[in-house]
Amino acid sequence: MNTKLKLTLSTTFVALLSIIISFNILAPPAIPGSNTHLHNAKTIQLESALGPESLAFDPNGDGPYTGVADGRILKWQGDALGWTDFAFTSSHRKDCVWPFAPEMEHICGRPLGLRFEKKTGDLYIADAYFGFQVVGPAGGVATQLITEVEDQPLYFTNDMDIDEIDDVIYFTDTSTNFRRRQFLPSIYSKDKTGRLLKYNKLSKEVTVLLRDLAFANGVALSKDRSFVLVAETTTGRILRLWLYGPNAGNVDVFSELPGFPDNIRRNMKGEFWVALHAKKGLFAKLALSYQWLGKTCLKLPLSFKQLHSLLIGWRPHAIAIKLSENGEILEVLEDTEGKTMRFISEVEEKDGKLWIGSVMMPFVGIYNL
């Protein structure tokens, strides 16, 4: 396809979208019975940083700690001290001077999922480019634990959860074809090369538990350790892999959600908070139902912002869903107009508050329950 034809098609496509958008046809769908007060959340601004994807509190309850787009792990030390540097996923920091520079992620690192091991105080890190890492309680440069599985490099390490009784860690590799900065093409093309893996801390062995996942993302172990959940972002499904009991080894659909699930975090009751990057509007449903449409969008000279806007219904918003231990929807929290929260990536419940991360925003949210 020549440049002139591409430009003509792109202009026509955008013009048609503008007409459709004016009638709110692509707008994110309303969810009956949802609590639309998430805009009342307070925010803690980051300093020269953005994208606090995941949040974790250390064994003493201090923090949260969060990974940001320039490869740092930051620690919140209260209003007096604010955010301080705690750790780094790469030692090559010379050119890591911009808050957001996707073209530098493979050099600076991009920490995503974070989890503390309670008995040691070690922080485990899923870095999208440098694989599975760990850093001690004093912080500093993280140590790489796993960079490849089955003679294939980890291409998009994403999230994890730790079973401290069995000394194993469950984690996801989102895709073997697409890097983190290519997450939109991964979704639009319906890539299904994601994996759920298990790392044995004692033997150092890695086992692939599930393959062919559509954007393998958030991970959470059940309170009784009988199953582990993994989010399939593209399909909007939360899958459950049974680890123990009569169903051990079986996989079923734990919940189907009205959007793109990111991280999953369990609360003290054993319930699960799922952060959704966005709800699925009409266009997203069509693009993911008809693969040719998604691939056509990728061939047009559309910017990242335009492709992202199409996927989210052209209206920034935020949505978090609480699921029961059986996968039933217990509560839906929304900021339907994106007044305060947008594109959330994780919800961590602690002491009557929800701490909320976002892979795109320059702040952490706090919502009082």
Side-chain angles (χ1 to χ4, degrees), residues 20-21 23-39 41 159 174 183-184 186-188 190 192 194 213-220 229-240 252-267 271-291 293-294 297 307-347 349 354 356-360 365 367:
I20 294 171
I21 290 165
F23 290 98
N24 286 326
I25 295 174
L26 297 182
I31 299 180
S34 71
N35 178 340
T36 58
H37 296 148
L38 192 55
H39 63 272
D159 195 28
T174 294
F183 78 91
L184 284 178
S186 175
I187 292 173
Y188 271 103
K190 295 183 69 175
K192 293 183 179 180
L213 300 179
F215 206 104
N217 205 327
V219 182
L229 300 180
V230 58
E232 264 197 329
T233 298
T234 302
T235 64
R237 302 187 305 176
I238 307 297
L239 302 180
R240 171 173 52 188
D252 56 21
V253 178
F254 186 71
S255 187
E256 294 194 56
L257 302 176
F260 300 98
D262 202 326
N263 287 348
I264 312 169
R265 290 297 182 265
R266 191 184 73 242
N267 65 15
E271 302 159 338
F272 301 94
W273 280 105
V274 184
L276 274 64
H277 181 79
K279 293 183 284 187
K280 282 184 182 176
L282 176 61
F283 184 83
K285 291 177 182 178
L286 290 173
L288 295 177
S289 297
Y290 302 98
Q291 197 168 17
L293 179 57
C297 290
L307 285 170
H308 185 251
S309 294
L310 280 172
L311 205 63
I312 66 164
W314 223 269
R315 184 183 298 170
H317 57 280
I319 174 171
I321 295 179
K322 183 167 72 171
L323 301 175
S324 73
E325 292 177 286
N326 299 315
E328 301 161 334
I329 294 179
L330 300 176
E331 187 175 1
V332 179
L333 288 174
E334 292 193 80
D335 184 343
T336 54
E337 297 179 8
K339 291 180 179 178
T340 305
M341 304 306 303
R342 299 179 175 191
F343 314 128
I344 66 175
S345 53
E346 184 172 302
V347 176
E349 183 176 337
L354 299 181
I356 304 169
S358 169
V359 73
M360 291 183 166
Y367 180 79

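Everything quoted here is computed from the prediction, not taken from an experiment.
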**Q** Could you tell me if the side chain of T336 sits less than 4.5 Å from the side chain of H317, heavy atoms only?
**A**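 Side-chain contact under 4.5 Å: no.
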**Q** If you define the side chain from C-beta out and look only at heavy atoms, does anything of I344 sit under 4.5 Å from D335?
**A**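 Of all side-chain heavy-atom pairs linking D335 with I344, none is under 4.5 Å.
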**Q** Using every non-hydrogen atom in the two residues, find where E334 and K279 come nearest and quote the distance to one decimal.
**A**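 Smallest interatomic distance, heavy atoms only, reads OE1-NZ, 2.7 Å.
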**Q** Of all residues at least two apart in sequence or in a different chain, which pass the side-chain contact (heavy atoms from CB on, under 4.5 Å) check with T233?
**A**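 T233 satisfies side-chain contact (heavy atoms from CB on, under 4.5 Å) with I187, F215, N217, F260 only.
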**Q** Looking at every non-hydrogen atom in both residues, tell me the closest pair between P261 and G236 and how far apart they are.
**A**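 Closest pair (atom of P261, atom of G236, distance): CD-CA, 3.6 Å.
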**Q** How close do L311 and Y188 get, heavy atom to heavy atom, and via which atoms?
**A**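 Minimum heavy-atom separation between L311 and Y188: N-OH, 3.7 Å.
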**Q** Check whether any side-chain heavy atom of T340 lies under 4.5 Å from a side-chain heavy atom of L38, and answer yes or no.
**A**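 In short, these two side chains do not touch, never coming nearer than 4.5 Å.
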**Q** So that I can tick it off, tell me whether K322 and E349 are bridged by a salt bridge, with the cut-off set at under 4.0 angstrom between side-chain N and carboxylate O.
**A**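 Salt bridge: no.
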**Q** Mind checking the CG-CG spacing from L310 to L293? Nearest 0.5 Å is all I need.
**A**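 Rounded to the nearest 0.5 Å, the CG-CG separation comes to 9.0 Å.
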**Q** So which heavy atom on D159 is nearest to which on G218, and how close?
**A**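 Taking every non-hydrogen atom into account, OD2-CA, 3.3 Å.
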**Q** Where do L239 and L213 land on the side chain to side chain contact (heavy atoms under 4.5 Å, CB included) test, with the steps shown first?
**A** CA-CA 10 Å; L239 302 180; L213 300 179; 3.8 Å; yes
**Q** Are Y367 and V347 close enough, and set up right, to give a side chain to side chain contact (heavy atoms under 4.5 Å, CB included), and what steps lead you there?
**A** CA-CA 10 Å; Y367 180 79; V347 176; over 6 Å; no
**Q** Taking the side chain as everything from C-beta on, heavy atoms only, tell me whether E232 gets closer than 4.5 Å to V253.
**A**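 Not touching, per the 4.5 Å side-chain cut-off.
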**Q** Side chains of W273 and L333: does their closest heavy-atom pair fall under 4.5 Å?
**A**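 Heavy-atom side-chain distance check passes, below 4.5 Å.
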**Q** Do M341 and S358 have side chains that approach each other closer than 4.5 Å (heavy atoms only, starting at C-beta)?
**A**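 Side chain of M341 against side chain of S358, heavy atoms only: no contact under 4.5 Å found.
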**Q** Do you know the tightest heavy-atom contact between P28 and I312?
**A**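 Smallest interatomic distance, heavy atoms only, reads CG-O, 3.4 Å.
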**Q** Roughly how far, to the nearest 0.5 Å, is the CD atom of E256 from the CD1 atom of I329?
**A**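 Going from the CD1 atom of I329 to the CD atom of E256 covers 10.0 Å.
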**Q** To the nearest 0.5 Å, what is the distance between OG on S309 and CZ on R315?
**A**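 Separation between the atoms: 12.5 Å.
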**Q** In terms of heavy-atom contacts, does CD of Q291 have more than 12 from other residues, nucleotides or ligands at under 6.0 Å?
**A**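 Yes, the 6.0 Å shell around CD holds more than 12 heavy atoms from other groups.
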**Q** Could you check whether the rings of F343 and H277 sit parallel, tilted or perpendicular, using 30° and 60° as the cut-offs?
**A**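 Parallel: the ring planes of F343 and H277 meet at under 30°.
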**Q** Considering residues, nucleotides and ligands other than K190, do more than 12 of their heavy atoms fall under 6.0 Å from its NZ?
**A**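 Enclosed: over 12 neighbouring heavy atoms sit under 6.0 Å from NZ of K190.
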**Q** Supply the atom-to-atom distance L288 CG to T234 OG1, rounded to the nearest 0.5 angstrom.
**A**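 These two atoms lie 6.5 Å from each other.
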**Q** Nearest heavy-atom pair of A214 and T235: which atoms, and what distance?
**A**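 Heavy-atom minimum between the residues: CB-CG2, 3.8 Å.
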**Q** Using only atom types and a distance under 3.5 Å, with no angle test, would you say the side chain of N35 pairs donor to acceptor with the backbone of H37?
**A**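 Yes, because the side chain of N35 sits within donor-acceptor range (under 3.5 Å) of the backbone of H37.
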**Q** Under the side chain to side chain contact (heavy atoms under 4.5 Å, CB included) criterion, do L229 and V274 qualify, and how do the steps go?
**A** CA-CA 11 Å; L229 300 180; V274 184; over 6 Å; no
**Q** When rounded to the nearest 0.5 angstrom, what is the spacing between CD1 in I356 and CZ in R342?
**A**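 Between I356 CD1 and R342 CZ, I get 14.5 Å after rounding to 0.5 Å.
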**Q** Before giving the answer on side chain to side chain contact (heavy atoms under 4.5 Å, CB included), spell out for E346 and R265 the whole-Å C-alpha distance, their side-chain angles and the decisive distance to 0.1 Å.
**A** CA-CA 7 Å; E346 184 172 302; R265 290 297 182 265; 3.0 Å; yes
**Q** With a 4.5 Å limit on heavy-atom distance, are the side chains of I264 and L323 in contact?
**A**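 Sidechains of L323 and I264: no contact.
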